[in-house]
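Positions are given from 1, in the same order as the sequence printed here.
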Amino acid sequence: MGNLLKVLTCTELEQGPNFFLDFENAQPTDCEREVWNQVNTVLQDSESILSGLQAYKGAGQEIRDAIQNPNDMLLQERAWNSVCPLVIRLKKFYGFSLRLEKALQSLLESLTCPPYTPTQHLEKEQALAKQFAEILHFTLRFDELKMRIPAIQNDFSYYRRTISRNRINNMNLDIESEVNNEMANRMSLFYAEATPMLKTLSTATTNFVTENKTLPLENTTDVLSTMASVCKVMLETPDYTSRFNSEDTLLFCMRVMVGVIILYDHVHPNGAFNKSSKIDMKGCIKVLKEQPADNVEGLLNALKFTTKHLNDESTPKNIRTMLQ
């Protein structure tokens, strides 16, 4: 990502300590290695998950044929045999979200624990900060793809309807050993979300704060706001963007910035848009709007539709206007 990147950690850029984050080349220290190895085991499967999602074509035609010809058992069988492997694939994606949730909580634990401040953690544990960014990068890529594939929910709805009907008819349902009713219910809730991976991470972060009552909330929210500032500074500073090797690095920074904003908005009682927020929302939105529209449409929509506090009365009108 262009050698070392200088980052200012406070919203007011003239304040606060300077430090460097190397998102591209950071390697784990001995202190980081145990958590880094655990998280890396999850992250190394992320590209195959995205490839599997990208290749998802759905069984729309087979389902339509079956519905239009309810008495044609060959068409019923063809639709069922087309949908079942897709449901197994959807289960794999859902299972990965559970692994990602645990990985995120391990990273939050490491990046927020005393005696260091969150800023010191990010400075000292750059390999973990990089993994945190990679989880967010994956999450927004997954959700952007999922939003373009309506077949997922159509296929799964057909599966739920058909398996209920077949269960009544006492048909042999081998797939139930793979996807039982409880699993199907959980998958159904997951895929009903517009941005299921982001919802998973938001819930995981909220649960982390709730479960760690002795840990000040600011320890978690400061990690998120600092990461947002990291990415904003990288994107708005020509000295840094000129070091980027490809457009992918810009997209990486944008996705990570939006991801931490959404997490912050879900975890902080006042949200990310309030005037007291440690995130410079006006600056972050401005940076996004300066990019090509095709690159940021999904990200701006994520800020509009998956945040919690955007429509609060305390959100400045100019911020709401920028996102209209």
Count the heavy atoms of every other residue, nucleotide or ligand shown that sit under 6.0 Å from [atom1] of [X], and state whether that count exceeds 12.
X      : atom1 : value
Lys286 : NZ    : no
Glu34  : CD    : no
Glu297 : CD    : no
Lys102 : NZ    : no

Donor-acceptor pair, distance only, cut-off 3.5 Å: does the side chain of [X] make one with the backbone of [Y]?
X      : Y      : answer
Glu32  : Leu128 : yes
His268 : Glu218 : no
Gln120 : Thr117 : yes
Ser46  : Val42  : no
Ser277 : Ile279 : yes
Asn212 : Leu215 : no
Gln291 : Val287 : yes
Thr315 : His309 : yes
Arg33  : Pro28  : yes
Arg78  : Met73  : no

Quick one, [X] and [Y] - any side-chain contact, counting heavy atoms below 4.5 Å?
X      : Y      : value
Leu100 : Thr200 : no
Val258 : Val296 : no
Asn311 : Arg320 : yes
Pro196 : Lys199 : no
Pro216 : Thr112 : no
Leu235 : Met254 : yes
Tyr264 : Lys278 : yes
Ile49  : Leu53  : no

Practice task
Take Ile63 and Asn154 through the test side-chain contact (heavy atoms from CB on, under 4.5 Å) and record every step on the way to the result.
Solution key: CA-CA 9 Å; Ile63 290 170; Asn154 295 337; 5.5 Å; no
Practice task
Establish, yes or no, whether the cationic atom of Lys146 lies under 6.0 Å from the six-membered ring centre of Tyr191 and within 45° of the ring axis.
Solution key: no
Hey, quick one: are [X] and [Y] part of the same hydrophobic cluster, counting side-chain heavy atoms closer than 4.5 Å, chains of contacts allowed?
X      : Y      : value
Leu299 : Leu250 : yes
Met197 : Leu189 : no
Ile319 : Phe305 : no
Tyr56  : Tyr158 : yes
Leu251 : Phe138 : yes

Spacing of [atom1] belonging to [X] relative to [atom2] belonging to [Y], to within rounding of 0.5 Å:
X      : Y      : atom1 : atom2 : answer
Leu198 : Glu144 : CG    : CD    : 10.5 Å
Glu178 : Lys91  : CD    : NZ    : 5.0 Å
Lys232 : Ser225 : NZ    : OG    : 12.5 Å
Asp155 : Glu62  : CG    : CD    : 9.0 Å
Ser110 : Gln105 : OG    : CD    : 12.0 Å
Glu236 : Glu290 : CD    : CD    : 8.0 Å

Exercise for the section: Take Asn274 and Asp312 through the test side-chain contact (heavy atoms from CB on, under 4.5 Å) and record every step on the way to the result. Expected result: CA-CA 9 Å; Asn274 192 285; Asp312 288 3; over 6 Å; no
Practice task
Assess whether side-chain contact (heavy atoms from CB on, under 4.5 Å) is satisfied between Ser229 and Asp280, documenting all intermediate values.
Solution key: CA-CA 8 Å; Ser229 295; Asp280 174 14; over 6 Å; no
Problem - N-O pairing of Glu125 and Lys130 below 4.0 Å - result: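 Not counted as a salt bridge, because no side-chain N and carboxylate O are separated by less than 4.0 Å.
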Handout entry: Near-ring test Tyr116/His121, centroid separation under 6.0 angstrom
Key = yes
Handout entry: Check: Phe96 ring centre within less than 6.0 Å of Phe93 ring centre
Key = no
Exercise for the section: Take Arg160 and Asn185 through the test side chain to side chain donor-acceptor pair (under 3.5 Å) and record every step on the way to the result. Expected result: CA-CA 9 Å; Arg160 298 294 305 273; Asn185 286 337; 2.6 Å; yes
Handout entry: Intermediate values then yes/no, salt bridge (charged side-chain N to carboxylate O under 4.0 Å, His left out), Arg141 and Glu134
Key = CA-CA 11 Å; Arg141 286 169 72 199; Glu134 286 169 343; over 6 Å; no
Handout entry: Any side-chain donor near an acceptor of the partner, Asp72 and Gln76, under 3.5 Å
Key =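 Checked: Asp72/Gln76 side chains show no N/O donor-acceptor pair below 3.5 Å.
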Exercise for the section: List the steps and the verdict of side-chain contact (heavy atoms from CB on, under 4.5 Å) for Thr29 and Trp36. Expected result: CA-CA 9 Å; Thr29 61; Trp36 187 91; over 6 Å; no
